[in-house]
Protein chains: 2
Amino acid sequence: MDKDISYKDKKVISIGVMRELTGLSERQIRYYEERKLIFPERSSGGNRKYSFSDVELLMEIANKIEDGVQTFEIRQEIVKEKKKEEQKAIRKKMLQGQLNAQFGIKNYK
Amino acid sequence: MDKDISYKDKKVISIGVMRELTGLSERQIRYYEERKLIFPERSSGGNRKYSFSDVELLMEIANKIEDGVQTFEIRQEIVKEKKKEEQKAIRKKMLQGQLNAQFGIKNYK
DNA sequence: CGTGTAAGGAATTCTGACACG
DNA sequence: CGTGTAAGGAATTCTGACACG
């Protein structure tokens with residue numbers, strides 16, 4: 001049902017390329033993963049693979065770190081964001097359900 | 001002046017990931033490069049880097065090869081495509097020049 | 001806490017060549 | 001012509017640890 005994930009979210013970028021794209025060290029990139037701020041996929045051999053979205057995410061993380069924000073705070077922000085997104089999805093689904101039940105409107109956007 | 005190149009054309013994908021994405025062997029991918037059908041960038045260490053556009057290009061190439069088209073013919077098609085694109089750009093530029101000279105219209109699209 | 005680094009090993013990629021056909 | 005493969009080497013990446021602070 002979902003469209004195939006766009007290029008932006010395809011995990012295809014190695015950590016070396018990530019280093020070039022973000023200007024961060026590999027150590028930093030791995031550490032942010034350890035602190036649950038970023039979630040690369042793995043190749044069959046165990047190598048990390050990132051998406052372009054991850055590039056943007058890492059840039060934001062780096063900015064916050066520079067501003068003195070600690071990783072656990074950043075993680076909280078991320079969790080909050082995620083919950084907001086979920087709420088949004090739920091509200092939309094409920095509205096869709098009502099529209100559908102009362103008027104038979106499909107695919108309200 | 002140009003917008004920064006979109007994700008689609010950024011050369012960030014290793015040949016191993018290309019193999020997974022296209023289903024082609026590394027041998028095939030390298031061979032098509034040898035035959036000037038595809039043009040990866042190189043990392044400082046010499047490793048090939050491809051874009052998502054290259055993924056699509058390789059898929060088309062693979063289809064043609066399957067249909068019995070030879071690499072030199074595919075190359076000719078690519079050259080033709082490129083010339084067409086150039087002509088299009090030139091015509092657009094000339095039209096823009098005339099609009100600009102006669103009416104001062106900027107950025108006709 | 002966040003990051004650098006040296007260490008040893010494993011996965012990845014590279015090139016040039018031989019093979020088949 | 002297009003592709004597979006074994007060969008040897010180089011670049012890349014991985015993890016766990018020590019260090020500083």
Side-chain angles (χ1 to χ4, degrees), chain A residues 10-79, chain B residues 10-79:
Chain A
K10 265 255 170 203
K11 307 269 189 176
V12 299
I13 305 177
S14 70
I15 195 165
V17 175
M18 278 306 261
R19 179 171 36 68
E20 291 171 7
L21 259 37
T22 63
L24 299 171
S25 70
E26 297 182 14
R27 179 68 164 99
Q28 288 174 305
I29 299 174
R30 293 199 191 98
Y31 181 67
Y32 301 153
E33 176 183 358
E34 188 183 319
R35 302 313 308 273
K36 312 279 185 196
L37 303 183
I38 192 160
F39 305 92
E41 290 182 359
R42 295 281 183 147
S43 74
S44 54
N47 286 15
R48 273 165 265 250
K49 294 189 296 184
Y50 304 87
S51 68
F52 281 111
S53 295
D54 292 333
V55 175
E56 296 182 7
L57 196 53
L58 270 182
M59 306 282 258
E60 290 179 34
I61 291 170
N63 285 336
K64 289 180 183 171
I65 295 277
E66 270 193 71
D67 293 349
V69 185
Q70 294 194 318
T71 53
F72 83 93
E73 301 176 283
I74 300 176
R75 181 164 59 252
Q76 289 177 335
E77 291 176 27
I78 292 176
V79 172
Chain B
K10 265 254 169 203
K11 307 269 188 173
V12 299
I13 304 176
S14 70
I15 195 165
V17 174
M18 278 305 262
R19 178 171 37 68
E20 292 170 8
L21 259 39
T22 63
L24 300 172
S25 70
E26 298 182 12
R27 180 67 164 97
Q28 287 174 307
I29 299 174
R30 294 199 191 97
Y31 180 67
Y32 300 152
E33 176 183 357
E34 188 183 319
R35 302 311 309 272
K36 312 279 184 195
L37 303 183
I38 192 160
F39 305 93
E41 289 181 0
R42 295 281 183 147
S43 74
S44 54
N47 286 17
R48 273 165 264 250
K49 294 189 297 184
Y50 303 88
S51 68
F52 281 110
S53 295
D54 292 332
V55 175
E56 296 182 8
L57 196 53
L58 270 182
M59 306 281 258
E60 290 178 34
I61 291 170
N63 285 336
K64 289 179 184 172
I65 295 276
E66 269 192 73
D67 293 349
V69 185
Q70 294 196 316
T71 54
F72 84 94
E73 301 176 282
I74 300 176
R75 181 164 60 251
Q76 288 176 333
E77 291 176 30
I78 291 176
V79 172

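These numbers come from the heavy atoms of this one structure, side chains and all, not from hydrogens, waters or symmetry mates. Keep in mind it's a predicted model, so treat the numbers as computed, not measured. Naming: A, B, ... by sequence-line order, numbering from 1 per chain.
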Trainee: Just by distance, do the side chain of A:Arg75 and the backbone of A:Arg35 share a donor-acceptor pair under 3.5 Å?
Mentor: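 Here the side-chain-to-backbone pair exists.
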Trainee: Find the distance B:Arg48:CZ to C:dT13:P and express it as a whole number of Å.
Mentor: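 Checked: the CZ to P distance equals 10 Å.
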Trainee: Going by heavy atoms in the side chains, are B:Leu21 and B:Tyr50 under 4.5 Å from each other?
Mentor: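 Answer no - side chains too far apart.
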Trainee: Within the structure shown, what part of the strands sits under 4.0 Å from B:Arg30 by heavy-atom distance: base, sugar-phosphate, or nothing?
Mentor: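 It contacts base atoms.
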Trainee: If you find the nucleotide of DNA chain D closest to A:Val17 and the one closest to B:Thr71, which residue's nucleotide is nearer the 5' end?
Mentor: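 Counting from the 5' end, the first nearest nucleotide belongs to B:Thr71.
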Trainee: Using a heavy-atom cut-off of under 4.0 Å over every strand shown, decide if A:Tyr32 touches base, sugar-phosphate, or nothing.
Mentor: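 The residue A:Tyr32 makes sugar-phosphate contact but no base contact.
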Trainee: C:dT15, OP1 or OP2 - any side-chain N/O from B:Arg42 closer than 4.0 Å?
Mentor: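 For C:dT15, OP1 or OP2 has a side-chain N or O of B:Arg42 closer than 4.0 Å.
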Trainee: Considering heavy-atom distances to DNA chain C, does B:Glu26 or A:Gln70 have its closest nucleotide positioned more toward the 5' end?
Mentor: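 Between the two, 5'-proximity favours A:Gln70.
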Trainee: Which residue, B:Glu77, B:Gln70, B:Glu73, forms the side chain to side chain donor-acceptor pair (under 3.5 Å) with B:Lys64?
Mentor: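 Running side chain to side chain donor-acceptor pair (under 3.5 Å) over B:Glu77, B:Gln70, B:Glu73 with B:Lys64 returns exactly one hit, B:Glu77.
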Trainee: Rounded to whole angstroms, how far apart are CZ on A:Arg27 and C1' on D:dC14?
Mentor: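 Value for this atom pair: 13 Å.
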Trainee: Rounded to the Å, how far apart are B:Lys49 NZ and D:dT12 C1'?
Mentor: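 One finds 13 Å between C1' of D:dT12 and NZ of B:Lys49, rounded.
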Trainee: In whole Å, I'd like the distance from the CD1 atom of A:Ile61 to the P atom of C:dT3.
Mentor: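 From A:Ile61 CD1 to C:dT3 P: 11 Å.
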Trainee: If I take atom CG from residue B:Asp54 and atom CD from residue B:Glu41, how far apart are they, to the nearest 0.5 angstrom?
Mentor: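 Rounded to the nearest 0.5 Å, the CG-CD separation comes to 9.0 Å.
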Trainee: Between atom CD in A:Glu33 and atom P in D:dT15, what is the gap in whole Å?
Mentor: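 Rounding to the nearest Å, CD of A:Glu33 and P of D:dT15 are 8 Å apart.
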Trainee: A:Tyr32: what forms a ring pair (Phe, Tyr, Trp, His ring centres under 6.0 Å) with it, not counting sequence neighbours?
Mentor: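 Once residues adjacent in sequence are excluded, A:Tyr32 has no partner under the ring pair (Phe, Tyr, Trp, His ring centres under 6.0 Å) criterion.
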Trainee: A:Ser25 has a side chain; which of C:dC14, C:dG4, D:dG4 sits nearest to it?
Mentor: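 So the side chain of A:Ser25 is nearest to C:dG4.
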Trainee: Is any side-chain N or O of A:Ser43 closer than 4.0 Å to OP1 or OP2 of C:dT12?
Mentor: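 Yes, because at least one side-chain N or O of A:Ser43 sits under 4.0 Å from OP1 or OP2 of C:dT12.
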Trainee: For A:Tyr31 and D:dA17, what is the distance between atoms OH and C1' respectively, to the nearest whole Å?
Mentor: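 The distance from OH of A:Tyr31 to C1' of D:dA17 comes to 15 Å, rounded to the nearest Å.
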Trainee: Give the stems involving DNA chain D, where a stem is 3 or more consecutive Watson-Crick or G-U wobble pairs (i with j, i+1 with j-1, and so on) under 3.5 Å.
Mentor: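 Counting only runs of 3 or more consecutive pairs, the stems involving DNA chain D are C:2-5 with D:17-20, C:17-20 with D:2-5.
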Trainee: So does A:Ser14 get a side-chain nitrogen or oxygen closer than 4.0 Å to the phosphate oxygens (OP1/OP2) of D:dT12?
Mentor: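 It does not, given that no N or O in the side chain of A:Ser14 lies less than 4.0 Å from OP1 or OP2 of D:dT12.
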Trainee: Could you give the CG-to-C1' distance, from A:Asp67 to C:dG2, as a whole number of Å?
Mentor: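 It works out to 15 Å between those atoms.
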Trainee: Within the 4.5 Å heavy-atom criterion, are B:Lys10 and B:Ser51 side-chain neighbours or not?
Mentor: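 Answer no - side chains too far apart.
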Trainee: What's the CD1-C1' distance between B:Ile29 and D:dG4, to the nearest Å?
Mentor: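 Going from B:Ile29 (CD1) to D:dG4 (C1'), I get 14 Å.
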Trainee: Do the side chains of A:Lys49 and A:Val12 get nearer than 4.5 Å, heavy atoms only?
Mentor: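 With C-beta onward as the side chain, the pair stays apart.
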